[in-house]
Asker: 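Mind having a look at this structure? Questions to follow.
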There are 2 protein chains.
Amino acid sequence: MAGATVSGGSTSAARSVDVARLAGVSQKTVSRVMNNEPYVSEDARRRVLEAAGALGYRLNNAARALASGRTRSIGVVSLGTALYGPASLLMGIERAARDTGYAVRVVTTLEGDAAGVAGAVESLLDQGVDGIVISEPIDEGELALNVDVPVLVIGAPAPYAAPRVVTAGVGADILARAATEHLLDLGHRTVHHLAGPPRWYAARDRREGWRTALAARGRIEPPVVTGDWSAASGYLVGRALAEDPAVTAVFAANDDMAIGLIRAVVEAGRRVPDDVSVVGYDDIPVAAYVTPPLTTVRQPFDAVAGEGLRLLVHTIENPDSDAVRASDPPVELVIRASTAPAPSGPAQAPRT
Amino acid sequence: MAGATVSGGSTSAARSVDVARLAGVSQKTVSRVMNNEPYVSEDARRRVLEAAGALGYRLNNAARALASGRTRSIGVVSLGTALYGPASLLMGIERAARDTGYAVRVVTTLEGDAAGVAGAVESLLDQGVDGIVISEPIDEGELALNVDVPVLVIGAPAPYAAPRVVTAGVGADILARAATEHLLDLGHRTVHHLAGPPRWYAARDRREGWRTALAARGRIEPPVVTGDWSAASGYLVGRALAEDPAVTAVFAANDDMAIGLIRAVVEAGRRVPDDVSVVGYDDIPVAAYVTPPLTTVRQPFDAVAGEGLRLLVHTIENPDSDAVRASDPPVELVIRASTAPAPSGPAQAPRT
DNA sequence: TTGAAAGCGCTAACAG
DNA sequence: CTGTTAGCGCTTTCAA
């Protein structure tokens with residue numbers, strides 16, 4: 001094909017034999033040079049590099065993959081939204097992958113996607129990847145992935161029956177617990193929870209952390225209200241919380257919902273944090289600047305992506321190594337102005 | 001390789017010859033079936049599909065690419081941040097690409113990246129792609145991309161000297177103009193501008209639109225202050241604006257900076273929108289829920305990505321077609337509560 | 001409608 | 001240190 005579509009004198013892409021000819025070496029030597037292999041004389045190396053430059057030579061990746069059986073690329077399954085968490089993770093993964101010399105293929109899923117994560121993984125496998133990253137997955141039932149490449153699951157306890165799985169970024173429960181305790185320490189009788197979609201592992205973790213904190217202090221556990229991560233949902237389902245005078249402290253499963261909730265509270269005529277304290281989760285870039293600045297939990301997405309990818313690549317390149325779990329990254333409660341001591345008095349000053 | 005390394009009974013991945021043997025047809029017929037080519041009897045097709053299923057057969061993409069000269073994948077150069085605009089575009093591109101049957105490879109750049117966009121493009125070309133999307137690029141000087149695949153540039157007037165370039169999503173100036181006029185219509189004497197980094201085409205477009213609107217009504221053009229798209233920068237550089245009593249209306253180049261600016265205004269003891277009106281750009285998901293809800297310009301990222309990608313694929317598959325420019329997508333000014341009539345009198349007064 | 005033969009451009013052994 | 005020989009698993013002719 002190459003060259004066949006070119007009508008004029010335009011030269012089709014140079015191949016390694018062309019470089020070899022020009023450099024006066026064998027094709028194999030060109031291959032050695034391009035792959036930075038040892039056992040090439042400095043002189044030969046120089047000549048090859050020169051010839052390659054002159055010809056604009058570029059290794060053909062398809063041929064390389066076919067011959068070697070390795071694609072040198074990893075596939076990422078990411079949620080197809082611009083939500084801060086998934087997007088940050090995706091960017092972090094790409095950067096980390098590039099550092100390790102792997103290219104990145106991406107497939108996104110949407111919630112309610114018929115094919116779902118399994119379909120995305122299939123598609124990645126069709127494309128050809130040496131490893132797969134599943135970022136912030138949803139529980140779609142015990143998924144038996146028939147995968148022969150290592151899989152990294154970020155933000156979920158590896159619900160996949162795949163051969164070699166590494167996990168990273170699990171442990172949101174600890175932070176959710178810290179967030180809840182912060183509110184309790186402020187004197188609130190109990191803490192309400194505005195949860196994420198129950199099928200998300202991330203949502204479950206945070207809910208568990210909240211529940212644990214409450215249980216540890218013997219507080220009553222109010223019914224959970226559930227949103228879909230969006231500020232809009234935080235606003236909608238938050239209206240009920242906002243109007244309930246018993247509610248003085250809420251831990252929202254992410255910052256977007258926290259912001260929506262705050263709006264609902266404000267519109268209900270109550271003040272944040274004077275009447276209602278709110279804690280978010282993620283520390284999105286605007287969190288420090290909204291009104292009031294949001295107390296929240298900061299996740300080190302880059303660190304999670306980086307360490308997870310390092311482990312994945314290790315597993316790819318050392319097929320016999322055991323599956324591992326990345327160490328939990330340092331997380332941090334960022335206290336700003338959306339939380340304050342519980343309103344004093346009989347519990348709440350009724351305002352309508 | 002396949003089979004050669006397998007010592008025991010472990011089966012290595014099935015190849016098309018294996019399927020052919022099982023189905024009792026030639027390898028070429030398997031190829032025809034897998035590619036949905038015509039001229040295969042229904043019976044043969046069925047037998048092949050059956051055998052493929054039984055063997056868990058999967059077309060080898062590397063071999064396919066090598067033999068056909070087409071990779072069926074497109075590369076995306078995206079800014080490596082979770083900023084709403086770039087992230088939305090990336091997700092939209094992936095979705096659109098999948099709809100057209102192309103896989104997606106991603107390379108991110110960071111501002112101040114030594115290699116920059118050119119380096120990212122190189123890396124994509126090394127990986128092997130049939131087309132390239134450059135999303136929201138930065139002006140790094142007239143870039144002569146030595147590229148032999150079609151390029152789609154989103155959000156910039158194609159500063160690339162590449163053979164076949166399509167552009168999409170250019171035209172922010174019109175909306176920036178509408179945003180500015182909205183403020184002028186509200187009775188503000190003039191409108192200040194909190195701009196994005198000057199090297200971003202998106203930032204320039206918005207600034208031009210603002211400038212045009214001002215000029216058209218003969219208003220004075222106040223000095224521009226510049227941020228880096230982040231809420232933090234909006235807050236920092238916004239403090240000067242916030243404290244200047246002459247400032248009653250500001251058009252910020254994106255919502256994050258608008259939010260940071262509002263915080264600065266509030267901290268300066270002035271009210272939004274009573275004393276200062278603020279308009280953002282992007283309509284990020286929290287824009288409707290921050291305090292006050294933000295008047296902003298909504299960009300249809302999905303539509304831009306979708307149409308741009310359609311054109312790119314068309315150009316890939318019809319090499320002789322002319323380079324085109326996607327039609328400008330419908331954009332929209334969303335009026336919320338961060339804008340109000342100019343404070344009357346020499347000082348400021350409450351609004352309606 | 002089907003199949004045989006000939007590569008695509010590279011890496012993997014194995015010799016020199 | 002360098003080259004030779006075989007494929008990798010497909011798609012592409014071209015012939016039947």
Side-chain angles (χ1 to χ4, degrees), chain A residues 1-6 11-48 51-52 55-73 125-128 130, chain B residues 1-6 11-48 51-52 55-73 125-128 130:
Chain A
M1 191 78 263
T5 53
V6 177
T11 63
S12 56
R15 296 148 307 163
S16 59
V17 278
D18 301 324
V19 176
R21 197 173 306 131
L22 183 58
V25 298
S26 76
Q27 183 271 331
K28 175 67 226 190
T29 295
V30 174
S31 171
R32 287 204 178 88
V33 172
M34 299 313 289
N35 288 296
N36 263 309
E37 282 172 27
Y39 304 127
V40 180
S41 69
E42 262 326 303
D43 185 54
R45 188 179 299 275
R46 190 184 43 68
R47 292 208 318 277
V48 166
L55 263 31
Y57 172 66
R58 169 165 282 151
L59 242 162
N60 180 315
N61 194 47
R64 208 234 283 254
L66 177 57
S68 69
R70 299 180 41 206
T71 65
R72 290 154 207 258
S73 61
L125 256 14
D126 284 346
Q127 295 172 33
D130 294 343
Chain B
M1 190 80 263
T5 53
V6 177
T11 63
S12 56
R15 296 147 306 162
S16 59
V17 279
D18 302 323
V19 176
R21 196 173 306 130
L22 183 58
V25 297
S26 76
Q27 182 271 330
K28 174 65 226 193
T29 295
V30 174
S31 171
R32 287 202 178 90
V33 172
M34 299 313 288
N35 288 296
N36 264 309
E37 283 172 26
Y39 304 127
V40 180
S41 68
E42 263 325 302
D43 185 55
R45 187 179 299 276
R46 189 184 43 67
R47 293 208 317 276
V48 167
L55 262 29
Y57 172 66
R58 169 165 282 150
L59 241 163
N60 181 315
N61 194 47
R64 208 233 283 256
L66 177 58
S68 69
R70 299 181 39 205
T71 65
R72 289 152 205 260
S73 61
L125 257 13
D126 284 346
Q127 295 173 32
D130 294 344

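Reminder, nothing fancy here: chain letters follow the sequence lines and each chain counts from 1.
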Asker: dT12(D), dG9(D), dC10(C): which one has an atom nearest the side-chain heavy atoms of A63(A)?
Answerer: dC10(C)
Asker: Among dC10(D), dG3(D), dA4(C), which nucleotide sits nearest the side chain of S26(B)?
Answerer: dA4(C)
Asker: For dC10(D) and S16(B) - does any side-chain N or O of the residue sit under 4.0 Å from the phosphate oxygens OP1/OP2?
Answerer: yes
Asker: Below 3.5 Å, can you tabulate the donor-acceptor pairs from side chains in residues 41-48 of chain A to any protein atom, sequence neighbours excluded?
Answerer:
unit_1: S41(A); atom_1: OG; unit_2: A44(A); atom_2: N; d: 3.0
unit_1: D43(A); atom_1: OD1; unit_2: R46(A); atom_2: NH2; d: 2.6
unit_1: D43(A); atom_1: OD2; unit_2: R47(A); atom_2: NH1; d: 2.6
unit_1: R45(A); atom_1: NH2; unit_2: E37(A); atom_2: O; d: 3.0
unit_1: R47(A); atom_1: NE; unit_2: A23(A); atom_2: O; d: 3.0
unit_1: R47(A); atom_1: NH2; unit_2: A23(A); atom_2: O; d: 3.2

Asker: How about L59(A) and N35(A): do any of their side-chain heavy atoms sit closer than 4.5 Å?
Answerer: yes
Asker: Without decimals, in angstroms, what is the distance between K28(A) NZ and dG7(D) P?
Answerer: 16 Å
Asker: To the nearest Å, how far apart are R47(B) CZ and dT2(C) P?
Answerer: 8 Å
Asker: Starting at atom CZ of R70(B), determine the distance to atom P of dG9(C), rounded to an integer number of angstrom.
Answerer: 16 Å
Asker: Please list, chain by chain and in numerical order, all residues satisfying side-chain hydrogen bond (donor to acceptor under 3.5 Å, both in side chains) with N61(A), sequence neighbours excluded.
Answerer: none
Asker: Let's see if you get this right: which residues in residues 30-43 of chain B place a heavy atom under 4.0 Å from DNA chain D?
Answerer: S31(B), N35(B)
Asker: Just grab all the salt bridge (Lys or Arg N to Asp or Glu O under 4.0 Å) pairs involving residues 55-72 of chain B, residues at least two apart or on different chains.
Answerer: E122(A)-R58(B), D126(A)-R58(B)
Asker: So, OP1 or OP2 of dC10(C): does either fall under 4.0 Å of a side-chain N or O from R64(A)?
Answerer: no
Asker: Any base atoms under 4.0 Å from A44(B), or only sugar-phosphate, or nothing? Heavy atoms, all strands.
Answerer: sugar-phosphate
Asker: Enter the distance from T71(B):OG1 to N60(A):CG here, rounded to the nearest 0.5 Å.
Answerer: 10.0 Å
Asker: Scan for salt bridge (Lys or Arg N to Asp or Glu O under 4.0 Å) pairs involving residues 16-33 of chain B, sequence neighbours excluded, and state none if there are none.
Answerer: R15(B)-D18(B), D18(B)-R21(B)
Asker: If you write DNA chain C from 5' to 3' in dot-bracket form, with Watson-Crick or G-U pairs under 3.5 Å, [ ] for crossing pairs and | for pairs with another strand, what do you get?
Answerer: ||||||||||||||||
Asker: In whole angstroms, how far is the C1' atom of dA5(C) from the CD atom of Q27(B)?
Answerer: 11 Å
Asker: Measuring from the side chain of L66(B) (C-beta onward, heavy atoms only), which nucleotide among dG9(C), dT2(D), dC10(D) has the closest atom?
Answerer: dG9(C)
